[in-house]
Amino acid sequence: MIPLLLLAVLALAIIVERFWTLRRKEVLPPGLGQEVRNWATRGQLEPAHIESLRRTSPLGEVLAAALDVRNRPREQIRERIEDTGRHVVHRMEKFLNTLGSIASAGPLLGLLGTVVGMIQMFLGILDSGVGDVNQLAGGIGKALVCAATGMIVAIPALMFYRYFRGRISGYVIEMEKEATALVDALEARPSRAPVRGPVAATAVPANA
């Protein structure tokens, strides 16, 4: 029972943390995509703007990655977006593997506790006989409590694991749409020529 209770506390902490971290306004701030497209249309792509955008949210990080290589061919821009997107998704899925493991381990730990309890009870019967039948039934009931507790821990953990995975998948689709719209806006600019001045120095980072 002690490991099951610890797993229950850990699962609850993960669920609360992921609910807070994966709020929609934190991942996909309203109007951010349109604002960045307006920057691209007006040519307001100073390094300070891009770095500020990168720190705002996961969506901002993906869009900033596209702006870093905005003067390269479309395929290279998309490759940079996909590479950054993989890192962003990995961070959004933080702790979800642990939550899935709790969902899998809960019933097994409960079953283990039940089996151990039953073994102890039957060893007691072997030593001192059956004794009171009511006591025997109570011992079996106590052993089965472990199995029930394991399922009580595992079922919510599995449900929230699936829920968070679905939410992240939805966010990924929306980020892809925003990134595609930004690439289209960059291509629609009057000129794709490299920008002069300090912006040109940061348009294509040395380690890109």
Side-chain angles (χ1 to χ4, degrees), residues 1-30 32 54-62 65 81-179:
M1 288 294 292
I2 293 176
L4 285 173
L5 293 177
L6 292 176
L7 288 181
V9 172
L10 179 60
L12 180 61
I14 292 173
I15 289 168
V16 172
E17 190 274 339
R18 287 293 90 187
F19 260 121
W20 180 259
T21 303
L22 296 177
R23 290 172 296 162
R24 184 178 183 83
K25 66 178 182 179
E26 292 295 322
V27 179
L28 303 171
L32 180 63
R54 199 188 312 276
R55 293 191 295 268
T56 57
S57 62
L59 174 60
E61 186 173 348
V62 171
I81 290 172
E82 290 172 1
D83 183 59
T84 304
R86 283 192 293 269
H87 293 283
V88 169
V89 171
H90 179 73
R91 286 201 302 272
M92 288 196 293
E93 290 180 345
K94 186 179 180 182
F95 302 131
L96 289 192
N97 283 338
T98 303
L99 191 61
S101 298
I102 292 172
S104 300
L108 296 177
L109 279 174
L111 181 61
L112 176 62
T114 297
V115 171
V116 170
M118 297 290 283
I119 290 172
Q120 290 176 343
M121 185 184 64
F122 283 114
L123 287 176
I125 292 174
L126 185 63
D127 290 338
S128 56
V130 175
D132 187 0
V133 176
N134 291 330
Q135 229 176 3
L136 178 62
I140 294 173
K142 287 179 181 178
L144 291 174
V145 166
C146 281
T149 304
M151 285 183 270
I152 289 172
V153 172
I155 291 172
L158 179 61
M159 291 174 61
F160 280 107
Y161 171 79
R162 296 291 186 186
Y163 170 75
F164 289 130
R165 290 296 297 267
R167 176 181 280 198
I168 290 170
S169 296
Y171 287 157
V172 168
I173 291 172
E174 294 192 49
M175 284 193 285
E176 287 177 352
K177 290 170 60 178
E178 293 290 350

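Below, each value reflects all heavy atoms present in this structure, side chains not excepted, and no hydrogens, waters or symmetry copies.
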Find the distance between OG1 (T114) and CG (L109) and round it off to the nearest 0.5 Å. 10.5 Å
Rounded to the nearest 0.5 Å, the CD1 atom of I168 sits from the CE atom of M175 at a distance of 9.0 Å
Can you see which heavy atom on P107 is nearest to which on A103, and at what distance? CD-O, 3.4 Å
Closest heavy-atom pair, G106 versus L4, reported as atoms and distance to 0.1 Å, is O-CD2, 3.6 Å
Criterion side chain to side chain contact (heavy atoms under 4.5 Å, CB included) against E178, the qualifying member of L59, L32, L28: L59
Taking atom CZ of R18 and atom NZ of K94, what is their separation to the nearest 0.5 Å? 7.0 Å
Separation between CZ of R167 and CG of L96, rounded to the nearest 0.5 Å: 11.0 Å
To the nearest 0.5 Å, tell me how far N97 CG sits from I102 CD1. 11.5 Å
For P58 and E26 the tightest heavy-atom approach is CD-O, 3.4 Å
Any side-chain heavy atom of M92 sitting closer than 4.5 Å to one from L22? yes
Within a strict 4.5 Å, meaning less than it, do heavy atoms of the C146 and M1 side chains meet? yes
Shortest non-hydrogen contact from G85 to V62? CA-CG2, 4.3 Å
Show every ring pair (Phe, Tyr, Trp, His ring centres under 6.0 Å) that has at least one partner inside residues 142-175, sequence neighbours left out. F19-F160, F19-Y163, F19-F164
Roughly how far apart are I2 CD1 and L7 CG, rounded to 0.5 Å? 12.0 Å
Pairs of donor and acceptor atoms involving the side chains of residues 148-158, under 3.5 Å and at least two apart or interchain, shall be tabulated with distances.
| from | atom 1 | to | atom 2 | distance (Å) |
| --- | --- | --- | --- | --- |
| T149 | OG1 | V145 | O | 2.8 |

Between R86 and the options D83, V88, T84, the side chain to side chain contact (heavy atoms under 4.5 Å, CB included) test singles out D83
Counting distance only, does the side-chain N/O of R23 pair as donor-acceptor with the main-chain N or O of W20 below 3.5 Å? yes
